[in-house]
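In what follows, a structure is listed as structure tokens, so that the remarks can point back to it.
Just so it is clear: chains get the letters A, B, ... in the order the sequence lines come, proteins before strands, and each one is counted from 1.
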2 protein chains.
Amino acid sequence: MALTRPVYAPDVPSEQSTATAVPPRPARRSRAPRGSLNPDLILDHALRLLDEKGLDAFSMRALAEDLGVGTMALYTYFRGKDELFRAARDRVLATYTPPSTEGSWDQRLRSACIAVHELFIGRPAVLRLLAESTASDDFLDAATSAMDRMLSLLLEGGLGPEDAARAYGTLSRFTIGSALREVRVCARPEAVEIFRSRIAALPRDRFPALADLAPELLLSTESGREQYEYGLDLILCGIRHLASGPA
Amino acid sequence: MALTRPVYAPDVPSEQSTATAVPPRPARRSRAPRGSLNPDLILDHALRLLDEKGLDAFSMRALAEDLGVGTMALYTYFRGKDELFRAARDRVLATYTPPSTEGSWDQRLRSACIAVHELFIGRPAVLRLLAESTASDDFLDAATSAMDRMLSLLLEGGLGPEDAARAYGTLSRFTIGSALREVRVCARPEAVEIFRSRIAALPRDRFPALADLAPELLLSTESGREQYEYGLDLILCGIRHLASGPA
DNA sequence: GGGGACTAACGTACAGCGTACGGTAGTGTG
DNA sequence: CACACTACCGTACGCTGTACGTTAGTCCCC
């Protein structure tokens, strides 16, 4: 039984087995010093892990190891994984800075939306957090800045309060939907390839429009940003109509 | 030690402890008969579980128990959880039947979109499957019917092939984004309540538009279908512009 | 200085997950 | 009647999140 113990003994190995200055426990550290952890540091590493390895590869154990710390140390600062995720999400959202473009209200609205979209697709894992959101509140906490900006631009454009609120909702839903699609499909060459082969295999008689538009559909799959701006302009066109026509 | 064993012994309990016709193992069945499983039956139960308990509560073990079957029996018909999820997703998407509305091309397009949206919000768990989609292909497999219908309506409206493809992309992204929001927020009273309190707590000086529009924002949170149709009409307005103006 | 309180960091353990692997039993065919 | 086949299943492995209790570094007060 005892010989099932691995070579690297976990506790108090033979002291000074060699005279070299090699630290005695190369793979197993004993205990992290007292001040070695704080919420910001944890979030830094968590976001790095999320960005590099993706949401699926993330785990509390992996994060702790990345920090050089025992797993349960994390629970001193966050009640659990959900709370940590919410904090990470909010921190990313808080990095939004509205682009200070000049121009008409609708041009500035356009820029603001694109900035949000860019923020999302730059952080695929965080976007997924946002979309799944087991914690069910809106992501209002830190997105207030973007939200307020877009709303005030809509008011500036002359929309009534109700229209402004609804138009904001439309923009926000489209932006999230777009970013999700971008992350799931456009950014993955393999997915585009699968799409291509599926579309080529469709029976032309049952799906004539699909078959006819195959090349255009593939094109539109290939650049998410362009697709987003196209749809954004469609929506903005509708919004301008609201603004020009009286209530 | 032995007395930690629960009362209901797991294996071959004393035969005929009572003379009643009660089957000898009420909780543990021995083995399901040969023909008791097939892909359709599995998917039926899986979808019922997903609809009733939600995606988070779903597990292969729970599904097997629901079927009265050993867990590993499922792996005879599906390579794993992912494959099962894809099949469930595709089956739900295949239930889409375009509403045979009369009217102009844009009215019919509107109805077709709304039907997709309704399909999604009727199946929240499946919608989440669709949005997360670890398996990274597009959900083209079974959504072809809706896709072809929408594309042909766009062509009928006079859009060029490229515009039709892009407009379809816009509608599809907005529809998914809307349904996701609906499922995450609108359909949950608690989420709306949290939203309400957050918005009330905002500093009016930093977020004036948000504070002013609080009532309208809350209103627009409360009916997802209405919000969806509002945004849909904005997009359709833009699409009609494309259709009327020449390329 | 010394002892006690506080708490950051941690080790262990548990329930539950997906599923690889091998076993078993019921069926169809020679 | 025997054999091959395979639908169903039991066990086990490695993984997850985290409840609970322990340890050890720090600070304060006597």
In whole angstrom, give the distance that lies between atom [atom1] of [X] and atom [atom2] of [N].
| X | N | atom1 | atom2 | value |
| --- | --- | --- | --- | --- |
| B:N38 | D:dC8 | CG | C1' | 14 Å |
| B:L63 | C:dT19 | CG | P | 12 Å |
| B:I42 | D:dC8 | CD1 | P | 8 Å |
| A:Y77 | C:dC10 | OH | P | 10 Å |
| B:L74 | D:dT6 | CG | P | 19 Å |
| A:F78 | C:dA9 | CZ | P | 12 Å |
| B:L55 | C:dG18 | CG | P | 11 Å |

Any chance you could list the contact pattern along nucleotides 13-19 of chain D? Use B for base contacts, S for sugar-phosphate-only contacts and - for none, protein heavy atoms under 4.0 Å, 5' to 3'. ---BBBB
In terms of side-chain heavy atoms, does A:Y228 have a donor or acceptor partner in A:S223 at a distance below 3.5 Å?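 No.
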Any salt bridge linking B:R91 with B:D44? Criterion: basic side-chain nitrogen under 4.0 Å from a carboxylate oxygen.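 Counted as a salt bridge, because a side-chain N and a carboxylate O are separated by less than 4.0 Å.
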Considering only NZ, NE, NH1 and NH2 on the basic side and carboxylate oxygens on the acidic side, decide whether A:R173 and B:E182 come within less than 4.0 Å.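 Between B:E182 and A:R173 there is no salt bridge, as every charged N stays at least 4.0 Å from the carboxylate O atoms.
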Has B:R206 got more than 12 heavy atoms of other residues, nucleotides or ligands less than 6.0 Å from its CZ?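 Counting neighbours around CZ of B:R206, 12 or fewer heavy atoms of other residues, nucleotides or ligands fall under 6.0 Å, so no.
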Evaluate whether atom CZ of B:R225 has more than 12 neighbouring non-hydrogen atoms of other residues, nucleotides or ligands under 6.0 angstrom away.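 Open: at most 12 neighbouring heavy atoms sit under 6.0 Å from CZ of B:R225.
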Less than 3.5 Å between a donor and an acceptor, one on the side chain of A:R31 and one on the base of C:dA9, is that the case here?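 Answer yes: a donor N or O sits under 3.5 Å from an acceptor.
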For a quick test of reading the model: is some side-chain N or O of B:T76 closer than 4.0 Å to OP1 or OP2 of D:dT6?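 No, no such contact exists.
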Just say parallel, tilted or perpendicular for the rings of B:F85 and B:F58, cut-offs at 30° and 60°.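 Correct class here is tilted.
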